[in-house]
Each structure stands twice: as C-alpha cells, then as structure tokens.
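Here is the structure we will look at, set down as structure tokens.
Within every chain, numbering begins at 1; the chains are lettered A, B, ... in the order of the sequence lines, protein sequences first and strands thereafter.
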There are 2 protein chains.
Amino acid sequence: MYYINEKEYKCSVAVTLDVFNDRWKLAIIWYLLEKDKRFKELSEDIHEITQKTLTIKLKELEEKNIISRQAFLEIPPRVVYALTPIGKALRPILEEMYLWGKNYVKEHGTIGEMTACEASVVKKCLKL
Amino acid sequence: MYYINEKEYKCSVAVTLDVFNDRWKLAIIWYLLEKDKRFKELSEDIHEITQKTLTIKLKELEEKNIISRQAFLEIPPRVVYALTPIGKALRPILEEMYLWGKNYVKEHGTIGEMTACEASVVKKCLKL
DNA sequence: ACGCTTACTTTACTTTATGTAAGTAATGAT
DNA sequence: ATCATTACTTACATAAAGTAAAGTAAGCGT
C-alpha cells in the first residue's frame, strides 16, 4: 500500500495514473518535454483547451510537483512552466505510449503526414 | 496525422491516451494482465467500480480491440474477458508506470505493506 | 414454488469535468 | 485617453461520467 497525503493507493501504477489520468495533463507534459513554455505557448500548442481548464491543470500538476512555475514580475506578465526532475522522468512512459500508439494505428487506422507537434517532440525528447 | 475510424490524432501518444484515459480502463487492463477473468472477478478486483460502469468500460475496450469477450452459453452465464495481442502489448507502458510510481512515492509519500494485487501482477506479468 | 446464481440492463439521480464569456490588473505604446 | 498585452479569475451553463438500487433471464438445487 502506498500513501500520498492521506490518499491510499493499492499499487504504484495507480499512483502514476493519478498524475495524468485526465483529458489534458499528459498533453501538457508532452509539450513541456519539448522545452519550458509560457502559458500562452501551451494554450496555443493545445488549442482545444480553454484558459480556465489550462490554469486548473497547471495548478494541479504543480501541486503534484510534476511541473514548476516561475512568474516574472513584469508587465505584461510572464510565467514559465517547466517539468521538474520527476516530471522529466515520465519520458519513458511517453516513449512506450508513442511506440504502442504507432503499432495500434498500423493495425487499426491510417497514417497521414507527420504533424509539427510530433516531429518536434520526437526529435528533441524521445530517445528511441 | 493518424486516423482511426474518422477520428484524427496529432500524434500516436494521443492515440494511446484515447485507449485508457479514464478512471477505470487501465485498472481493467492491469488486472487482465494477471490472467483472463470473468466479469465477477473483475468487479471484485476493482471493488469500487459499479457493475454498470464496468459493463460500459469492458464494451469500450472490446470495441477498441484491447480485450476480447467470450460468452459461454451456460446457466448461470459465464463470460471471460482476455487481453488481445495488442492489449498485451500495453505491458511495457504499465511497467514504466509501475517504476515511475514507485519512485514518485519514494519522494512524495510513504510505503506500506505490499497488496495482493500488486504482488500478483508484478510476479506474473512484469518483466523487470 | 422459491430462492440462488451470473452477467448484465435500466432508471433516476448526483457529481465532476469542461465550456463560454466576460472581467481584472498593470503598464507601455499609439 | 484608449488599446493591446498576458495570465489569469469569476459566474454561470452544459455535458459527461458515475452511483445506487432494482430488474431481468434462465435454469439448478431444495
């Protein structure tokens, strides 16, 4: 059994799931793997997300120490988000997800052009 | 770009996410890694899930070809769920999640006794 | 005749997640 | 004076997911 602030987990996979088990968090992590980013950059990367939801998700990830937030006292404001060391350590999971997804598409879908998103992250972050 | 029945994905990680990005699916996969299971066994393994939700999630996983369903024409009914080959191929992802979760708990939580769940799956399924 | 079993399905509801649209704060540029 | 900029916050609305509890179907044991 594992405990993280009062909360109980039956196994460590459940702990991991708790970190990114929603519609947005893994996307945020994926884009932050590429490089540290400002709020606006993230909201452009993940253009379907609303500002409100992005704010909430970033706060949740920060609370779990997956990302860090650095606010500069400037006008207009500047806030930079970055993965923490343990956040960066999620990379092998993403790599496996990347590989599995490719295989799955081979069997059950079709492949079109490579997107900028994938090209960039794959090139800079995945050590395959 | 990837396409799976009309749906568009910017990268293959998004494809993978789509498979288990909810509260229950990965738990189902986790328990099926151990061995093929009947409906009732799964609902005992994941005792927090309601029958209705389990039914829906199993159906969704079947539609995505992650698990297979075999119904025997017996009374009382018997239905056995098993991972398909591509479902079994999710194992490396789970392994990475297992490792990451352990590390995360080391830094941010406390570890208690090993649960039956974890012991069993780790022993039988993870090739670490 | 009746209850037990399994794998569901159905109903009626509550909770959680997400969206929409507007507002705010501070300041430099026009 | 007003606008643009950025990173939010607020109030309200809707959609999605989950819950509890009961129902169903068919046949077996008592």
Checking Glu118(B) against Tyr2(A): is there a side-chain donor and acceptor pair closer than 3.5 Å?
yes
Can you tell me if the side-chain N/O atoms of Lys57(B) get under 4.0 Å from OP1 or OP2 in dG18(D)?
yes
Under 3.5 Å: donor-acceptor pair, side chain of Thr84(A), backbone of Gly87(A)
yes
Side-chain N or O of Arg38(A) closer than 4.0 Å to phosphate OP1/OP2 of dA7(D)
yes
Of the listed nucleotides dT9(C), dA7(D), dA7(C), the one nearest the side chain of Pro77(B)
dA7(C)
Can you see if the side chain of Trp24(B) gets near the phosphate of dG18(D) - specifically, an N or O under 4.0 Å from OP1 or OP2?
yes
Any side-chain N or O of Lys25(B) under 4.0 Å from OP1/OP2 of dA17(D)?
no
Send over the distance from Arg69(B) CZ to dA7(C) C1', rounded to a whole Å.
8 Å
What residues in residues 39-55 of chain A put a non-hydrogen atom under 4.0 Å from any atom of DNA chain D?
Phe39(A), Lys40(A), Gln51(A), Lys52(A), Thr55(A)
Counting side-chain heavy atoms from C-beta on, which of dT19(D), dT5(D), dA26(D) comes nearest to Ile75(B)?
dA26(D)
What's Phe72(B) touching, base or sugar-phosphate or nothing? Going by heavy atoms closer than 4.0 Å.
nothing
Just how far, in rounded Å, is C1' of dT20(C) from CD1 of Ile56(A)?
13 Å
Measure from CG on Asp22(B) to C1' on dA17(C) and round the result to the nearest Å.
13 Å
Nearest-Å distance, CD (Glu74(B)) to C1' (dA25(D))?
15 Å
Any sub-3.5 Å donor-acceptor pair from Asn103(A)'s side-chain atoms to Lys106(A)'s backbone N or O?
no
Could you tell me whether a side-chain N or O of Glu41(B) sits under 3.5 Å from a main-chain N or O of Arg38(B), the two making a donor and an acceptor?
yes
Taking 4.0 Å as the cut-off, does a side-chain nitrogen or oxygen of Arg78(B) come that near to OP1 or OP2 on dC8(C)?
no
Over 60° means perpendicular and under 30° means parallel, so classify the ring planes of Trp30(B) and Tyr98(B), tilted if in between.
parallel
Would Glu63(B) and Lys59(B) satisfy salt bridge (charged side-chain N to carboxylate O under 4.0 Å, His left out), going step by step from the backbone distance to the final call?
CA-CA 6 Å; Glu63(B) 278 162 14; Lys59(B) 202 171 289 174; over 6 Å; no
Nucleotide dG28(C), atom C1' - distance to CG of Leu73(A) in whole Å:
17 Å
For Gly101(A), is there any backbone N or O sitting under 3.5 Å from a side-chain donor or acceptor partner on Ser12(B)?
no
